[in-house]
Peer 1: 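One structure, as structure tokens, below. Some questions next.
Computed over heavy atoms, backbone and side chain alike; hydrogens, waters and symmetry mates excluded.
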Protein chains: 2
Amino acid sequence: MSKNKEKLKMVLHKEGLRFTNQREAVWNEIVTCDEHRNVDDIYMTLRKNGILVSRATVYRTIDVLVKNNMVRKLDVGVGPSKFEHKMNAPHHDHMICIQCGRIEEFVDDQIENLQDSVAKEYEFKLVRHIHQLFGICKDCQ
Amino acid sequence: MSKNKEKLKMVLHKEGLRFTNQREAVWNEIVTCDEHRNVDDIYMTLRKNGILVSRATVYRTIDVLVKNNMVRKLDVGVGPSKFEHKMNAPHHDHMICIQCGRIEEFVDDQIENLQDSVAKEYEFKLVRHIHQLFGICKDCQ
DNA sequence: AATTATTTGAGACTCATTCACAATAAGGGC
DNA sequence: GCCCTTATTGTGAATGAGTCTCAAATAATT
């Protein structure tokens, strides 16, 4: 059994939820693609591959995945939210071009550390964060 | 004429928009309150004070104010966006409690600087950013 | 004052997301 | 494997924040 399937089973069990074909299909579709996609993209791709899962189920499954840190939700400021899986990928944040919508990832450990310090200082238990830079990308300038 | 009124006039002029009672009323309502409020909060307060401005106009005016850096839009992850004015207030980011919804502000110049460096490195022209820490606040723990 | 262009208000509309509920499928015990 | 209980699914309707349309009102220009 693949590592990802294993991971899904664990999380579902932890949440007291059942392991179903639909949930596996959704997780599988998300984890085998490295793009930033919205629910409809994911739904349509599944459908194109002959896997009929309802949109509602995609939403419901993603909620669980997001809550359990397997998927990151990305509010890109306009239109539907986008999602990306977090397996085998180092943590990163995003730069979003307000002209062409292109999303670029960036990593900065110093920022991460400072962030942790701030949270500690306020006795705030950090669960997740959003750090997005909006602007004009190199190509659009 | 107050400094804030002056500022609004300038921005509207720059945008090729007219200075109207409604736009002044919305800006005034926002700039004289230091809380994080959504469009409906602002609309209802105006209405309570006998100032009848339509919801659509509040949305439209806020768009202009956000675009011109007079107001910050805050996506709090659930429900409608909140807004706060940016006059006389040093730049800050937000910690949002996912339990009680409380919003706390924090300032960290080092993070701001690092952020600028990252943008520079990618030749990305930074227009604005979102940096939000989600977690459990001191009181909710 | 007349003309032209912008803004406003009201409500219809959009569209992402959530919900309700009947039908279906999982998991546990036998 | 079969039954029973309980969770999950699909469907389509509902929700709700935000946007749009358009006629009437207001502002700027002549």
Peer 1: In whole Å, what is the span from the NZ atom of A/K82 to the C1' atom of C/dT17?
Peer 2: 17 Å
Peer 1: Using a strict heavy-atom distance below 4.0 Å, which residues from residues 58-66 of chain A are in contact with DNA chain C?
Peer 2: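 Here the set is A/Y59, A/R60.
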Peer 1: Please name all residues satisfying salt bridge (charged side-chain N to carboxylate O under 4.0 Å, His left out) with A/E105, sequence neighbours left out, ordered by chain then number.
Peer 2: none
Peer 1: Between B/E104 (side chain only) and A/F124 (backbone N and O only), is there a donor and an acceptor less than 3.5 Å apart?
Peer 2: no
Peer 1: Assess the residue pair A/I103 and A/K82 against the criterion (side chain to side chain contact (heavy atoms under 4.5 Å, CB included)); give the C-alpha distance rounded to whole Å, side-chain angles, the decisive distance to 0.1 Å, and a yes or no.
Peer 2: CA-CA 11 Å; A/I103 301 174; A/K82 299 196 171 188; 4.1 Å; yes
Peer 1: If the helix axis at each end comes from five base pairs, how far does the helix from C/dA1-D/dT30 to C/dC30-D/dG1 deviate from straight, to 10°?
Peer 2: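 Comparing the axis at each end, I get an angle of 40°.
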Peer 1: Kindly list each side-chain donor-acceptor pair under 3.5 angstrom involving residues 16-23 of chain A, sequence neighbours excluded, with atom names and distances?
Peer 2:
residue	atom	partner	partner atom	Å
A/T20	OG1	A/R23	N	3.1
A/R23	NE	A/R18	O	3.1
A/R23	NH2	A/R18	O	3.2

Peer 1: Identify the two heavy atoms, one from B/V76 and one from B/F134, that lie closest to each other, and give their separation to 0.1 Å.
Peer 2: O-CE2, 3.8 Å
Peer 1: What orientation do A/H131 and B/H131 show, parallel under 30°, tilted 30 to 60°, or perpendicular over 60°?
Peer 2: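 Rings of A/H131 and B/H131: parallel, under 30°.
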Peer 1: Hey, what do you get for NE2 (B/H129) to CD (B/Q115), rounding to the nearest 0.5 Å?
Peer 2: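 Going from NE2 on B/H129 over to CD on B/Q115, the span is 4.0 Å.
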Peer 1: Using modelled atom types only, decide if a donor and an acceptor are shared between the side chain of B/N28 and the backbone of B/E24 within a distance under 3.5 Å.
Peer 2: no
Peer 1: Can you find a side chain N or O atom of B/S54 that sits less than 4.0 Å from OP1 or OP2 on C/dT8?
Peer 2: no
Peer 1: Separation of B/R23 atom CZ from C/dT6 atom P, in whole Å?
Peer 2: 11 Å
Peer 1: Could you report the tightest heavy-atom contact between A/V11 and A/M70, atom names first, then the distance?
Peer 2: CG2-SD, 3.7 Å
Peer 1: Backbone N or O of B/N4 within a donor-acceptor pair of the B/W27 side chain at under 3.5 Å?
Peer 2: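 Answer holds: yes.
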Peer 1: Measure all distances between protein nitrogen or oxygen atoms and nitrogen or oxygen atoms of nucleotides 24-30 of chain D, and list the pairs falling under 3.5 Å.
Peer 2:
residue	atom	partner	partner atom	Å
D/dA27	N3	B/R18	NH1	3.4

Peer 1: Can you confirm whether the side chains of A/H94 and A/Q132 place a donor and an acceptor under 3.5 Å from each other?
Peer 2: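 Distance-only check fails for A/H94 and A/Q132.
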Peer 1: Can you check the B/L74 CG to D/dA17 P distance for me, whole Å?
Peer 2: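 Taking CG of B/L74 and P of D/dA17, I get 17 Å after rounding.
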Peer 1: Contacts to DNA chain C from residues 44-53 of chain B, heavy-atom cutoff under 4.0 Å, which residues?
Peer 2: B/L52, B/V53
Peer 1: Rounded to the nearest Å, what distance is computed from the CZ atom of residue B/R55 to the C1' atom of nucleotide C/dG11?
Peer 2: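 Between C1' of C/dG11 and CZ of B/R55: 12 Å.
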Peer 1: Heavy-atom count check: over 12 atoms from other residues, nucleotides or ligands less than 6.0 Å from B/H13 NE2?
Peer 2: no
Peer 1: Please check if the side chain of B/N49 supplies one atom and the backbone of B/I51 the other of a donor-acceptor pair under 3.5 Å.
Peer 2: no
Peer 1: Please report, rounded to the nearest Å, how far the C1' atom of D/dG18 is from the CG atom of B/N38.
Peer 2: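 Roughly 12 Å, once rounded to whole Å.
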Peer 1: Under 4.0 Å: is that the gap between some side-chain N or O of B/S81 and OP1 or OP2 of D/dG18?
Peer 2: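 Yes.
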Peer 1: Closest heavy-atom contact between A/K67 and A/E15?
Peer 2: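 It is NZ-OE1, 3.3 Å.
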Peer 1: A/H13 NE2 to C/dA26 P: how many Å, rounded?
Peer 2: 17 Å
Peer 1: In whole angstrom, what separates B/D41's CG from D/dA17's P?
Peer 2: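 Distance, rounded to whole Å: 11 Å.
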Peer 1: Among C/dT8, D/dG12, C/dG11, which nucleotide has an atom closest to any side-chain atom of A/A56?
Peer 2: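 Comparing C/dT8, D/dG12, C/dG11 against the side chain of A/A56, the answer is D/dG12.
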Peer 1: Could you state the atom-to-atom distance from CG of A/L12 to P of C/dG27 in whole Å?
Peer 2: 10 Å
